[in-house]
Amino acid sequence: MKAALGLIAGAALCLAPQAAAAPATAPLAPAPAARQAAAPAADPAYKILVFSRTAGFRHDSIDEGVTALRDLGAANNFTVTATEDPAAFTTVNLAQYRAVVFLSTTGDVLGPAQESAFEQYLGSGGGYVGIHAAPTPSTTGRSTKAWPAPCSSRIPRSSPPPSRSRTGRTTPPAHLGRTWQRTDEWYNYRTNPRTTAHVLASLDESSYSGGTMPADHPIAWCKDYAGGRAFYTGGGHTAESYADPAFRRHLLGGIRWAAAPPRPTAARDRLHPLFDGAGTTGWKQAGRVASP
């Protein structure tokens, strides 16, 4: 089903560490003035895993999505491994990828062992990219454990009816200008991710019919997660989306964001308290105490 997109974009808080030199590291790029800076060096080569297995509804756009991601990789120094085999989800295999992309997966596509491996991958700082029907308790996977948590608010309550309206709005900074008008399928969500994530784009429900979140309807967001990064976009239902240069750039920014190396952990965050504030029962002196 198709509905109209209106966006309220804000990429500044989701810039990767190299963003000052490379605006495209944000899911939505900065304003034109920032893009006039000298071109940065290419990203170091890396690999991503694209997983598109379906055990429920299968989107006709998956093949176009894989092609688009391969094209982006070829042009931006990352290698795409596309699979629908859950056996790819082992701790050893996942460790070679900087990000895992869930491309419109539906149904119960991972078993307990694969879920556990992916939980460990995320916990060690792996990147997550969700496109359209990305993993959530309601669309992919058997549980609400850690692995769908990067975008846990992506719990579709319903999809709006078809609409041909294309009115929308964006707020700079964004390479899309003040308005991004496009047609796709848009979910209504049970919860709003704004309190736990940086919202990049929101639907303008006045531009189409069927929306149920008129005050605030996020459709793309990113967040730090478990030492790594997570990005989600609700677009990508239609095959035409993946031929759209603006949507491809949106995906590229999300991939580069999620695949960026984890931020260094502050020394204070690596400390673990030993004293419980109550007593020292069971403690003993280690070594000798010098005389005054």
Side-chain angles (χ1 to χ4, degrees), residues 3-16 25-28 99-106 118-119 122-123 125-141 143-160 168-171 173-174 176 180 182 184-205 207-208 210-237 241 247 250-251 253-260 262-263:
L5 171 62
L7 298 174
I8 301 174
L13 298 182
C14 264
L15 294 176
T25 54
L28 295 176
V100 177
V101 179
F102 280 76
L103 175 60
S104 289
T105 52
T106 57
F118 192 49
E119 289 173 17
L122 294 174
Y128 168 94
V129 175
I131 301 175
H132 194 55
T136 68
S138 63
T139 58
T140 302
S143 69
T144 57
K145 295 195 297 182
W147 72 271
C151 294
S152 58
S153 291
R154 195 215 155 316
I155 305 175
R157 176 166 54 199
S158 63
S159 298
R169 66 175 182 269
T170 64
T171 299
L176 303 168
W180 188 13
R182 63 186 309 270
D184 210 322
E185 177 187 66
W186 307 114
Y187 288 111
N188 295 310
Y189 301 101
R190 295 186 186 278
T191 58
N192 191 315
R194 190 174 294 276
T195 59
T196 59
H198 176 59
V199 174
L200 300 166
S202 295
L203 293 173
D204 177 4
E205 288 196 356
S207 69
Y208 70 100
T212 63
M213 303 171 67
D216 185 21
H217 192 150
I219 199 65
W221 56 85
C222 63
K223 64 188 293 184
D224 290 331
Y225 180 77
R229 297 161 177 231
F231 166 84
Y232 169 77
T233 181
H237 174 83
S241 296
F247 187 69
H250 177 58
L251 294 180
I255 290 169
R256 295 183 71 187
W257 158 260
R263 291 188 178 93

Ignoring hydrogens and geometry, is there a side-chain-to-backbone donor-acceptor pair from [X] to [Y] under 3.5 Å?
X: Asp184; Y: Gly236; result: yes
X: His198; Y: Asp224; result: no
X: Glu205; Y: Met213; result: yes
X: Thr105; Y: Phe102; result: no

What's the separation between atom CG in Leu203 and atom OH in Tyr187, rounded to the nearest 0.5 Å?
13.0 Å
Roughly how far apart are Tyr225 OH and Leu122 CG, rounded to 0.5 Å?
5.5 Å
When the ring planes of Trp221 and Tyr232 are compared, do they come out parallel, tilted or perpendicular, using 30° and 60° as the limits?
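Tilted, since the angle between the ring planes falls between 30° and 60°.
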Compute both the distance and the angle, then confirm whether Arg182 meets the cation-pi test with Phe247: under 6.0 Å from the six-membered ring centre, within 45 degrees of the axis.
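Judged by the rule, Arg182 and Phe247 form a cation-pi pair.
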Do [X] and [Y] come close enough that some side-chain heavy atom pair is under 4.5 Å?
X: Arg194; Y: Pro218; answer: yes
X: His217; Y: Thr212; answer: no
X: Ile219; Y: Ser202; answer: no
X: Val100; Y: Phe118; answer: yes
X: Phe231; Y: Lys223; answer: no

For Ala220, side-chain contact (heavy atoms from CB on, under 4.5 Å) partners two or more places apart
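Counting only residues at least two positions away or on another chain, Ala220 forms a side-chain contact (heavy atoms from CB on, under 4.5 Å) with Leu200, Ala201, Thr233, His250.
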